[in-house]
Amino acid sequence: MRLREDLPCKNDDVCEKEEVMIENDVTVAQNHWCPVVNAGFSSPKRVVVVGYALTTKKIKSFLQPKLEGLARNKGILFVAIDHNRPLSDQGPFDIVLHKLSGKEWRQALEDYRLSHPEVTVLDPPDAIQHLRNRQYMLQAVADMNLSDSYGTVGVPRQLVIKRDALAIPELVNKAGLTLPLVAKPLVADGSAKSHELSLAYEHFSLQNLEPPLVLQEFVNHGGVLFKVYIVGDAIKVVRRFSLPDVSNWELSKDAGIYRFPRVSCAAASADDADLDPTVAELPPRPLLEKLAKELRWRLGLRLFNLDIIREYGTRDHFYVIDINYFPGYGKMPEYEHIFTDFLLSLGQGNYKKK
């Protein structure tokens, strides 16, 4: 079945139309301008076409009915990209939104990006790959060495172990790392396994870990972390429960390795919890804005989030412990408005360039 919808043009004399294929069997005639109804009034707005290539899980969590409804009202059209057809044969798109893995997809997207400079690709494949390896993930934060009147932002000391679990205790001693240590998989590909953590309390147990992995010094932080969502220039911060603090007594008594699934999740929201104010206080907004702006430039990304902790007993010593590309925005309050505004700004910017 084919459905054709003729949208009124801004200019009655000249009406440029392009056909956009949607879900293979539905065709919509796309004009440069169409009326978008808002509060009973009609105003001319250009349709912003967003092609998306996401996993089934990501589509379910991100493309929620409220987002799609708000997007339609603002003149944003989401179009599924057909993985079985060449990308250049689809569209035309103003924006390509993606989170798929695989070398073949990355190459196809990079080729498309180079041949269609008028299209905004969120985000460049090579920039995303940088965050998939925890050996390099936090390097941009470390290089910044951010410190101002609002506080300091650093990263925990860490050690990369690529092979030979039996050598880990000796390597940790040589590196001078202090226990306990958080062990994370080296590859951060968004899978459930890549979010699994282990907490090692003593040296002998370290050889039971499974390389490749990254060992980070554990920093007591009051059991709360701050998820800093970044969507273009917009920043939204939420609290999440995290691993509890470790006392010297516990360190002397506990042995072995404790394994944890994904620590920060929607069910572990700490925004409404009765917390110690010194633990719950959000990081200073000016500090986060400076950090986000610099990282957008250094990473070459516009869609990511930061997991940040405050060192317990301090007010202004912060650590970035993880960075994620295109995180679970569905868990971010008011994400529908923030994201649609962002897409509109990109679409309008692209149109002005043309």
Side-chain angles (χ1 to χ4, degrees), residues 131 133-147 151-188 194-228 240-264 276 278-279 281 283 287 291 306-324:
L131 293 188
N133 189 324
R134 285 194 170 98
Q135 180 174 358
Y136 310 109
M137 176 190 288
L138 303 179
Q139 190 59 51
V141 181
D143 292 343
M144 286 174 60
N145 194 26
L146 179 57
S147 178
T152 63
V153 180
V155 301
R157 291 200 302 165
Q158 69 176 36
L159 176 66
V160 175
I161 306 293
K162 294 186 176 180
R163 60 180 69 86
D164 192 5
L166 294 177
I168 295 178
E170 181 182 355
L171 293 173
V172 167
N173 278 332
K174 286 183 177 179
L177 296 187
T178 302
L179 294 169
L181 297 173
V182 179
K184 302 179 180 181
L186 185 61
V187 176
S194 70
H195 290 287
E196 292 178 354
L197 306 179
S198 298
L199 193 60
Y201 282 85
E202 49 88 25
H203 280 89
F204 182 75
S205 64
L206 292 172
Q207 60 187 339
N208 295 323
L209 294 171
E210 300 176 8
L213 52 83
V214 168
L215 295 174
Q216 283 183 354
E217 286 188 331
F218 180 77
V219 178
N220 281 338
H221 52 282
V224 172
L225 66 79
F226 305 100
K227 277 199 167 290
V228 181
R240 291 283 184 264
F241 284 117
S242 179
L243 297 178
D245 289 348
V246 177
S247 67
N248 289 331
W249 182 87
E250 290 172 316
L251 193 57
S252 65
K253 297 296 182 182
D254 288 338
I257 294 174
Y258 293 81
R259 302 184 188 278
F260 300 88
R262 187 169 189 159
V263 175
S264 61
D276 179 345
T278 61
V279 171
E281 182 183 7
L287 185 68
L291 175 64
L306 311 172
D307 286 352
I308 296 180
I309 58 174
R310 173 192 285 111
E311 185 175 1
Y312 187 72
T314 75
R315 188 177 182 181
D316 57 1
H317 290 182
F318 299 96
Y319 293 90
V320 177
I321 58 174
D322 229 1
I323 306 177
N324 304 289

Engineer: Got a second to check how far I168's CD1 is from L209's CG, nearest 0.5 Å?
Structural biologist: 5.0 Å
Engineer: Any side-chain heavy atom of D322 sitting closer than 4.5 Å to one from R134?
Structural biologist: yes
Engineer: For Q207, enumerate each residue passing the side chain to side chain donor-acceptor pair (under 3.5 Å) test, keeping only those at least two apart in sequence or located in another chain.
Structural biologist: none
Engineer: So which atom in F226 and which in V279 form the shortest heavy-atom distance, rounded to 0.1 Å?
Structural biologist: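 Nearest pair, atom of F226 first, then V279: CZ-O, 3.5 Å.
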Engineer: Passes side chain to side chain contact (heavy atoms under 4.5 Å, CB included), K227 versus N324? Steps please.
Structural biologist: CA-CA 10 Å; K227 277 199 167 290; N324 304 289; 4.3 Å; yes
Engineer: Can you tell me how far CZ of R240 sits from CD1 of I308, rounded to the nearest 0.5 angstrom?
Structural biologist: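 So the gap between those two atoms works out to 14.0 Å.
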Engineer: Got S198 and R259 here, is their nearest side-chain heavy-atom distance under 4.5 Å?
Structural biologist: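 With C-beta onward as the side chain, the pair touches.
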Engineer: Could you pull out all residues at least two apart from E217 that satisfy salt bridge (Lys or Arg N to Asp or Glu O under 4.0 Å)?
Structural biologist: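 Here the qualifying residues are R157.
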Engineer: CD1/I257 to CG/L206 distance, rounded to the nearest 0.5 angstrom?
Structural biologist: 6.5 Å
Engineer: For the CG atom of L197 and the CG atom of L213, what is their distance to the nearest 0.5 Å?
Structural biologist: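 L197 atom CG to L213 atom CG measures 11.5 Å (nearest 0.5 Å).
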Engineer: Could E281 and R315 be called an ion pair, given the rule that one side-chain N must be under 4.0 Å from one carboxylate O?
Structural biologist: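 Yes.
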Engineer: Give, for atom CG of L146 and atom CG of L291, the distance between the pair rounded to the nearest 0.5 Å.
Structural biologist: 6.0 Å
Engineer: Any idea which heavy atoms bring L131 and A188 closest together, and the distance?
Structural biologist: O-CB, 3.9 Å
Engineer: Would you say V155 and M137 make side-chain contact, with heavy atoms under 4.5 Å?
Structural biologist: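 When only atoms from C-beta onward are counted, M137 and V155 do not touch, as no gap falls below 4.5 Å.
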Engineer: Any donor-acceptor pair under 3.5 Å linking the side chain of N220 with the backbone of V246?
Structural biologist: yes
Engineer: With heavy-atom distances below 4.5 Å as the criterion, would you say the side chains of L215 and L171 are in contact?
Structural biologist: no
Engineer: So which atom in P283 and which in R310 form the shortest heavy-atom distance, rounded to 0.1 Å?
Structural biologist: N-NH2, 4.0 Å
Engineer: Kindly give the heavy-atom pair with the smallest separation between S205 and G256, and that separation in Å.
Structural biologist: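 Residues S205 and G256, closest heavy atoms: OG-O, 3.5 Å.
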Engineer: Looking at H203 and V172, what are the two nearest heavy atoms and their distance?
Structural biologist: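 Heavy atoms only, the tightest pair is NE2-CG1, 3.9 Å.
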Engineer: Do any side-chain atoms of residues 174-187 form donor-acceptor pairs under 3.5 angstrom with protein atoms, and if so which ones, sequence neighbours left out?
Structural biologist:
from	atom 1	to	atom 2	distance (Å)
K174	NZ	E170	OE2	3.3
K184	NZ	Q216	OE1	3.2
K184	NZ	I321	O	2.8

Engineer: Nearest 0.5 Å please: distance from the CG atom of L138 over to the OH atom of Y319.
Structural biologist: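 Those atoms lie 13.0 Å apart.
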Engineer: Would you check if L243 and L225 make a side-chain contact, meaning some heavy-atom pair closer than 4.5 Å?
Structural biologist: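 When only atoms from C-beta onward are counted, L225 and L243 do not touch, as no gap falls below 4.5 Å.
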